[in-house]
Every structure is written in C-alpha cells, then in structure tokens.
Amino acid sequence: MAIVSFPSSILKVTNLAKSFGGVKAINDVSFIVREGTVTGLIGPNGAGKSSVVNAISGFTRVDRGVVELAGHDITNQAPHRIAARGLIRSFQIARELQKLTVLENMMVAPFQQLGESPWRALISRRAVMREEREHLAAAVDWLQMFNLFPLRDEYAGNLSGGQKKLLELARALMAKPKVVLLDEPMAGVNPTLAKTLQGYISRLRDQGVTFLLIEHNLSVVEAICDHVVVLAEGAVLAEGQMNELRETEEVISAYLGG
Amino acid sequence: MSSLVFYLLTVAIFFCIYCIYGWGLNLQFGLTGILDFTYITFVAIGAYFAGVAALQPGNGGIGGQYILGWHLPFPIPPIIGGIAAAVLAILVGYVGLKRLRSDYLAIVTVSVGQIVWTLIGNITPLFNGWDGLAGVPQPFNSVFQLDFNHYQWVFLVICVLFAALGFLIIERLTHSPFGRVLRAIREDEDVAAALGKNVFRYKMMAFVIGSIYAGVGGALTIAYIGAFNPSGFTTMETFIIWAAMLVGGSGNNRGMILGAFLVPVLFNEGTRFLPSPPGNPLLAESIRGMAIGLLLIFAARYRPQGILPERKTVFRLDGLPQGGEAGGDRLVPQ
C-alpha cells in the first residue's frame, strides 16, 4: 500500500466565532492550512472571509475559538505579536506606505532591526549600518524578482494599483513569514499582471512559503490553490479541491450559481 | 553694548530655543503623526522643574512658595526639566496613545494643557501659582560674574551647543530605522502593526523624546529669562511652534530651522518694529498674530508640505548585487 504523506498544518483555526451586534460574522469556523501549500478562502460577499482574516491576524478580537500558528495559540493577540510570530497579511485594498519609497516600504518589513531602538540608532551606528546593508541586499533582490527595482526610489503612493499589490506581496515576503495571508491579491489587477502574480505565488509555494488567500477569481483559485475552504453566512460550507467543489450542490447554489 | 546688539542676541537665543522646541514637535507630528496641541505644556513643565531645581529652597513667603529648591548647578536643571516633561508625556501617552486615534488624542492633549495650566496657577505651593518663579540663577554666571548685557554672549554659546547636540540627535533618529518605523506609523498604523511593529510603543517613544526636547527647551527659557509663570504657556505659544514647523516643512529638521527663523523670529519679532498708532497700543500685537495666521494659511494653500518638505530617502546601493535576477527561477532570496 502506498504511503501518502501530508504536510503538517501550520495554521489551525478551531470553532472561531465573532458577532457584530446581532450579526454573526464568523459562526463556528474551523479549518487548517498545511505548510507549503496555497489554501483558498472563497465565498459570496458577506460570507465572512475578511472577518476570518482579520480575526486570524489579530485585527478583530474573536468571541470564541482558537487560532494556532505553528503550534502556538495566537488567539486575540495584538497584530504586531502575531506578525512577529511569522504571520503576515495584506489588505483588500492595497495599503502601501505612501510617503515612503518602494525600497523604504521593503526596509520597514524585517523584524527587530537593531536601529529600530532609538538608543541603538544613536550609539551603535556602525552595527546598524551593517544590518541595513544586509536588509538592503535582500530588499533589492526581492524588488528585482518582482520587477519593481526600477521604481525603488519612487514614492509607493505613486505606483499603479497592480504595482502596489506586487509591492505588498514583496514587502510581506521581506519579513520572512511562515504564513502569508493575502486578501484579494488579484482585485483591481490587470489580467497580465494577475497572471504574473499568480505565477509568483505558485513558485513561492513550491519553495516552501505557505499562503492563505481570499480570491473571487475562481480560475485563479483553481490554478494555484491546493485546498479551498468555502464560506457562506459566516460558516464553512464545504472544503476540498476546487474541481471537486464545482460539483458540490451547496457550493453551486450558495456561490457559483448556474 | 548697543541695545540693537543686545536685542539681536536675544533673538538669536530664542531662535536656538525655538529650533529645539520645533525638532521635538517635528518628531511627534512630522515623523509620527501625533497631534500634540499642548506641546507648550511640556515646555512649561520642563521650565518649572528646571527652575525649582536651580533655585535656592523657597522661604514659603510671598514669591518663595515652590517645591524642591535644590540649587543644582547647570546643566543638571535642564536634565531634570527634560525628565519631568518625559514623565508627563508617559502619563498622557498611556491615556491618549493606547487606544485613541490621532484626532481624539488631539482633544486629550488640549484638555491636559488646560488641566496643567489651571493646577499650576491655582496650587501656589507647587511653582508659586499665578506669579510664577523668579530669580532663577543664570548658568555659570556665578563663575563669570558678568553683567546681564555681556552675559548674553555666554548664554548664546550655551544655546548654540544645546541646539547643535539636539540637531545631531534628531537627525540620527530621523534617518535611522527607528525614524523609518515612525514614518510608517504616520502613513498607516495598521500596516505597521501587520509588519510586526508595536505601534503604541513607538508612538510613546516619539511622544516622550519629543517632550524631552520641549522640556529642555523650557529649561533653557527659564534659565535665560530667570522667571516663568502661567502667562508663558498659553495656546498662542503652541500655535507659534506649530506654525514654524508647518511653514518650514514638517518631517524635515532643516525645514524646522527655517520655520523657526520665519515664524518666531521674522514674523513674531519683526512685527514688533511696526509703529504703534496713538490710541491703539495693542494694534501691533494683534497684527503679529494675524501675520502668523496669514503665513500659515498661505503655506497651507500654496506649499502644504512646507518650504523645505520632507526629503526622499534614497539608499546608496553600491556594492550590492543588482540586475539579472528578475524572471529567474529563484524566488526566495538566500
């Protein structure tokens, strides 16, 4: 008998619940994200996808349930603590640091930089400069890979919508995350750039980066997601591979239509 | 010494002090986006504590009611002034920076200013109430024994040294990874938090360091004038520092120097030379406020980023690997 080995889960969401007033935005949601995979989170508008991402990343406090990252309970921790544990998110509408250059956007990302302490910035100038050079080399590398290098000294606010999405992804990767949460990375991106972005995500996955992404473009989901979780009315409706889900009655009636 | 030289020296001293004030506010607002509408309160706390640290013990009588009275030599009083302002900033920061967004924080700072002003004025045993402190000794003049006119030069040197040190420190902080995080927070707190930065901690640090500048500037003010009372820290004073920063260029410490020259020196002092028409002794005073207001309106309309805006950071990349990677197979940098 062939032995099939599944990658271990790196992100585990168990019985998550959150209400806003009388509205149950997240209603007992559970799923796992396996290491080195791309997991899609899909569903109709108002299904609770962004609420789940906000809850996982600490931007919304949950009423109930547990979120574990690499075995550590990160439920209701502050966003910066969750990020420091290795979970980096993007936002539905690209939120670049407008009045920082593209390269500076990248340079903000690494954790616990020596020169982020005002004291060290004043007295350990040489060590800070050395570390800056190391981060700079990595940032340049990422920008070249994402074809953003020629724009390195441009204010991030001046980039096009698609370039901002690329920058958000590059910036997230600069932080060396365990898991990247992408909230609609293809929204507002032209088809050619979307194809490029899709290629990047697939190749990064192949090199061990784990993604959880919200996406409405189902052909993208089908092309790059190893596993898909369908949400509807704040609850998990179904999960599996996209081609299987296309045949599932509940998914068709709640989301796919036809 | 001619009265003009004396006057110009006074203006030069205040120019240095306003630069110090301005760099602190620039760190708070220009870099971090913290709306501190009671910056002058931190100046006042620095001035009062430096004053009572330098004064002889109070006699408890008229004009002699104040705390401490440690009679400490310079430069310990400015250090105490800076620490006192930092302690107040920590207290205000815990209330205002933890959960409040910048506009609500602005309201908190205005309230704090009013509370501190009223308390200091009404609780006489603190800093001699509405009459304030007087007779604060001039730094090093017990050694030099100079008359007030000639002592101006000594104090100008002290102020230039403080301003030079202040500029060196603020420039290093501004152009360090610390300054970069502050600007990231100014641009988008959520993004900074999502990148692992403890937004509250950094805002608190910016608020405290900025307040230390205010406190030290206040300490120099009381050391120069020798006196300080609640009329010295009104809303108008905060307005002048804000105007200097916005006109000069927020986020740019050199712009702040220009702003300190244009607003407190040129507009505030220059208008003193306007003739006062008979029967209207307060006209020049009113015109001064209006002139600064108009300057601010013109700056906001035609040069919102200030005359010397924040400079773009351009990294030197010589020696780093460049080119040839885009489109390659390797996506995770080694």
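Every chain is numbered from 1 and lettered A, B, ... according to where its sequence line falls, protein lines coming before strand lines.
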A.B. asks: Taking only residues two or more places apart in sequence or in another chain, which ones pass side chain to side chain donor-acceptor pair (under 3.5 Å) with B:D36?
C.D. replies: none
A.B. asks: Please name the pair of heavy atoms, one in B:D188 and one in A:L97, separated by the smallest distance, quoted to 0.1 Å.
C.D. replies: CB-CD2, 4.0 Å
A.B. asks: Please output the residues of residues 174-187 of chain B in contact with chain A, using a heavy-atom cutoff of under 4.5 Å, in numerical order.
C.D. replies: B:S176, B:P177, B:F178, B:R180, B:V181, B:R183, B:A184, B:R186, B:E187
A.B. asks: Is A:R133 in contact with chain B via its backbone, its side chain, both, or neither, using a 4.5 Å heavy-atom distance?
C.D. replies: both
A.B. asks: Taking CZ in A:R120 as the centre, count heavy atoms belonging to other residues, nucleotides or ligands within less than 6.0 Å. Is the count above 12?
C.D. replies: no
A.B. asks: Could you tell me which portion of A:E132 (side chain, backbone, both or neither) has an atom closer than 4.5 angstrom to a non-hydrogen atom of chain B?
C.D. replies: side chain
A.B. asks: Do B:L317 and A:L103 come within less than 4.5 Å of each other through their side chains, counting heavy atoms only?
C.D. replies: yes
A.B. asks: Top residue by heavy-atom pair count (under 4.5 Å) with chain B, among A:Q98, A:M174, A:H135, A:R85?
C.D. replies: A:Q98
A.B. asks: Could you list which of residues 66-80 of chain A have a heavy atom closer than 4.5 Å to any heavy atom of chain B, in residue-number order?
C.D. replies: A:P79, A:H80
A.B. asks: Any chance you could lay out the salt bridge (Lys or Arg N to Asp or Glu O under 4.0 Å) test for A:E104 and B:K312, step after step, and finish with the verdict?
C.D. replies: CA-CA 10 Å; A:E104 279 186 294; B:K312 189 191 266 188; over 6 Å; no
A.B. asks: Quick one, B:V191 and A:R171 - any side-chain contact, counting heavy atoms below 4.5 Å?
C.D. replies: yes
A.B. asks: Nearest 0.5 angstrom please: B:D190 CG to A:F59 CZ, how far?
C.D. replies: 5.0 Å
A.B. asks: Would you say that more than 12 heavy atoms from the other residues, nucleotides or ligands in this model lie under 6.0 Å from the CZ of A:R61, or not?
C.D. replies: no
A.B. asks: Give the member of B:I209, B:V199, B:L173 that has the highest number of heavy-atom pairs under 4.5 Å with chain A.
C.D. replies: B:L173
A.B. asks: Please confirm whether the backbone N or O of A:L122 pairs with a side-chain atom of B:R172, one donor and one acceptor, at under 3.5 Å?
C.D. replies: yes
A.B. asks: Does B:F315 reach the side chain of A:R152, with side-chain heavy atoms less than 4.5 Å apart?
C.D. replies: no
A.B. asks: Side chain, backbone, both or neither: which part of A:S57 has a non-hydrogen atom closer than 4.5 Å to chain B?
C.D. replies: neither
A.B. asks: With a cut-off of 6.0 Å (strictly less than), are more than 12 heavy atoms of other residues, nucleotides or ligands near CD1 of B:I76?
C.D. replies: yes
A.B. asks: Can you tell me which of A:P118, A:A175, A:A121, A:G58 forms the most heavy-atom pairs within a distance under 4.5 Å of chain B?
C.D. replies: A:P118
A.B. asks: Heavy atoms only, distances under 4.5 angstrom: which of A:E96, A:R89, A:K99 has the most pairs with chain B? Name it, please.
C.D. replies: A:K99
A.B. asks: Give the interface residues of residues 105-114 of chain A toward chain B, defined by a heavy-atom separation under 4.5 Å.
C.D. replies: A:M107, A:V108, A:A109, A:P110, A:F111, A:Q113
A.B. asks: Taking all heavy atoms of A:A83 and all of B:A193, pick out the closest pair and write down the distance.
C.D. replies: CB-O, 3.9 Å
